[in-house]
Q: 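My structure is below; once you've seen it, I'll send some questions.
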Amino acid sequence: MAEPTLDVVDKSAVGADARQFHIGVAPGEVSTVALLPGDPFRIPLIASFLDDVVEVAHNREHRTIVGTYKGRRITATSTGMGCPSTAIAVEELARVGVTSFIRVGSSAALQPGIAPGELLVSEGTLRNDGTTAAYAHPGYPAVPDTELTVALSRHSERIAAAAGSSSHRGINASDDAFYAETPEWIAQLNRLGVLNVEMESSALFVVARLRGLRAGMVCSCSSNLVSGMSLYGDTHGLLHAGWLRSIEAALETAVELEL
Ligand SMILES: O=P(O)(O)O[C@H]1O[C@H](CO)[C@@H](O)[C@H]1O
Ligand SMILES: O=c1cc[nH]c(=O)[nH]1
């Protein structure tokens with residue numbers, strides 16, 4: 001029997017000029033820079049810094065707004081949790097015109113002396129995720145844009161210090177499985193000097209590099225996994241204050257670098 005002829009789809013060429021399938025955004029509706037929280041319910045926090053805010057779309061976990069900060073157009077889109085939905089958000093935002101991305105997330109500290117609400121700026125990500133394995137060799141580094149990271153770190157340090165808090169910079173890990181972070185894994189990351197762990201930056205940095213885009217990340221510390229400080233403690237107010245400082249640092253970076 002003859003093999004059926006397949007008309008195989010090339011996804012790299014799909015939908016570049018259309019309303020995007022997952023995020024629901026069309027070309028021309030967003031700015032060149034996007035802030036990326038994980039949680040759609042954190043989009044209003046970003047909106048509180050902006051003027052003339054418009055909601056562009058809210059489809060699945062991806063809520064998108066556009067507004068202005070100090071005269072610069074700013075987009076914010078929630079990625080949802082984890083690398084699969086983050087890779088989709090970055091791919092689709094790039095198709096509609098975004099060229100720079102700053103993740104404003106939450107993350108658990110892996111070194112002693114870091115408290116909830118302190119800021120954590122990424123200098124690179126240990127890729128403990130499955131999504132980026134589909135994109136690149138295991139040795140391919142997940143690294144943020146250097147110029148963006150230097151500016152983001154400077155603004156984070158200034159804004160944290162003004163509030164009597166701190167900002168740290170270093171290598172973080174991206175895990176896929178929040179509840180499979182065993183004590184052994186946490187101790188191993190700590191011994192490697194890894195500063196913090198979250199779940200999205202691996203995809204953000206790898207996809208951004210492969211597509212010629214700029215990316216960076218600043219997180220608010222949610223808990224400290226080597227100081228017995230659990231997520232379920234009374235730290236939400238501190239985490240929230242850190243989110244506000246991380247958003248301000250990201251916005252100042254976007255203005256300074258004209259992203
Ligand atoms: O608060 P966000 O930005 O979602 O970040 C962190 O919180 C979630 C886990 O609780 C993961 O998405 C992790 O990366
Ligand atoms: O991956 C993560 C993110 C936040 N907190 C954790 O404990 N793990």
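Because the structure is predicted, anything quoted here is derived from the model rather than measured. Starting from 1, each residue takes its place in the sequence as its number. Counting starts at 1 for both ligands and their atoms, in listed order.
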Q: How close does the nearest protein non-hydrogen atom get to atom 3 (C) of ligand 2, and which residue and atom is it?
A: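 Answer for atom 3 (C) of ligand 2: Val197 O, 3.4 Å.
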Q: Would you tell me whether Ser167 and Glu118 have side-chain atoms, one donor and one acceptor, within less than 3.5 Å of each other?
A: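 Judged by distance alone, the side chains do not pair up.
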Q: Any Lys/Arg nitrogen of Arg154 or Glu256 sitting under 4.0 Å from an Asp/Glu carboxylate oxygen of the other?
A: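 Counted as a salt bridge, because a side-chain N and a carboxylate O are separated by less than 4.0 Å.
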Q: Any nitrogen or oxygen of Pro37 lying under 3.5 Å from a nitrogen or oxygen in ligand 1? Just yes or no.
A: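 So ligand 1 has no N or O lying under 3.5 Å from an N or O of Pro37.
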Q: Of all heavy-atom pairs between Phe49 and Leu244, which one has the smallest distance, and what is that distance?
A: CZ-O, 3.4 Å
Q: Would the distance check show the side chain of Ser165 and the main-chain N or O of Ala161 forming a donor-acceptor pair, the cut-off being under 3.5 Å?
A: no
Q: Can you report which non-hydrogen protein atom sits closest to atom 5 (O) of ligand 1, along with the distance?
A: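 Of every protein heavy atom, Arg103 NH2, 3.1 Å lies nearest to atom 5 (O) of ligand 1.
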Q: State the CG-SG distance between Asn196 and Cys221, to the nearest 0.5 angstrom.
A: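 That separation rounds to 8.0 Å.
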Q: Would you say ligand 1 has an N or O under 3.5 Å from any N or O of Met199?
A: yes
Q: Distance to 0.1 Å, residue and atom name: give those for the protein heavy atom nearest to atom 10 (O) of ligand 1.
A: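 Ranked first by proximity to atom 10 (O) of ligand 1 is Phe178 CE1, 3.6 Å.
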Q: Would you say the side-chain atoms of Ser202 and Thr125 include a donor-acceptor pair closer than 3.5 Å?
A: no
Q: Any nitrogen or oxygen of Arg42, main chain or side chain, under 3.5 Å from a nitrogen or oxygen of ligand 1?
A: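 Yes; the residue has a nitrogen or oxygen that sits under 3.5 Å from a nitrogen or oxygen of the ligand.
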Q: Distance under 4.0 Å to a non-hydrogen atom of Gly105: what atoms of ligand 1 satisfy this?
A: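 So the atoms of ligand 1 that pass are 3 (O).
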Q: Among all protein heavy atoms, pick the one closest to atom 4 (O) of ligand 1 and tell me residue, atom and distance.
A: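 Nearest protein contact, heavy atoms only, for atom 4 (O) of ligand 1 is Gly38 CA, 3.5 Å.
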Q: List the steps and the verdict of side chain to side chain donor-acceptor pair (under 3.5 Å) for Thr68 and Arg73.
A: CA-CA 4 Å; Thr68 57; Arg73 271 187 101 216; over 6 Å; no
Q: I'd like to know if the side chain of Arg214 and the backbone of Thr146 have a donor-acceptor N/O pair within less than 3.5 Å.
A: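 Checked: no pair found.
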Q: Charged N to carboxylate O below 4.0 Å: is that the case for Glu55 and Arg63?
A: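 Yes, charged N to carboxylate O under 4.0 Å.
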Q: What do you reckon, does Leu225 put a non-hydrogen atom under 4.0 Å from ligand 2?
A: yes
Q: Taking atom types as modelled, find out whether Thr75 and Ser31 have a side-chain donor-acceptor pair closer than 3.5 angstrom.
A: yes
Q: Starting from atom 6 (C) of ligand 1, find the nearest protein heavy-atom neighbour and note its residue, name and distance.
A: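 The closest heavy atom on the protein side is Ser106 O, 3.2 Å.
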Q: Please state which protein non-hydrogen atom is closest to atom 8 (N) of ligand 2 and give its distance, to 0.1 Å?
A: Glu181 OE1, 2.9 Å
Q: For atom 5 (N) of ligand 2, what is the nearest protein heavy atom, given as residue, atom name and distance?
A: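 Scanning the protein heavy atoms, the shortest distance from atom 5 (N) of ligand 2 goes to Ala108 CB, 3.3 Å.
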Q: Would you say Arg158 has more than 12 foreign heavy atoms packed within less than 6.0 Å of its CZ?
A: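 Check passes, neighbour count above 12.
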Q: Checking a contact table here: which protein heavy atom is nearest atom 6 (C) of ligand 2, and how many Å away?
A: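 Checking every protein heavy atom, the shortest distance to atom 6 (C) of ligand 2 gives Phe178 CE1, 3.4 Å.
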Q: To check your reading of the model: name the closest protein heavy atom to atom 14 (O) of ligand 1, its residue, and the distance in Å.
A: Glu200 OE1, 2.6 Å
Q: Using a 4.0 Å cutoff against the non-hydrogen atoms of Glu198, which atoms of ligand 1 qualify?
A: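 Numbered from 1, ligand 1 contributes 14 (O).
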Q: Starting from atom 8 (C) of ligand 1, locate the nearest protein heavy atom and write down its residue, its atom name and how far away it is, to 0.1 Å.
A: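 Ranking protein heavy atoms by distance from atom 8 (C) of ligand 1, first comes Met81 SD, 3.7 Å.
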Q: For ligand 1, is there an N or O atom under 3.5 Å from any N or O atom of Trp243?
A: no
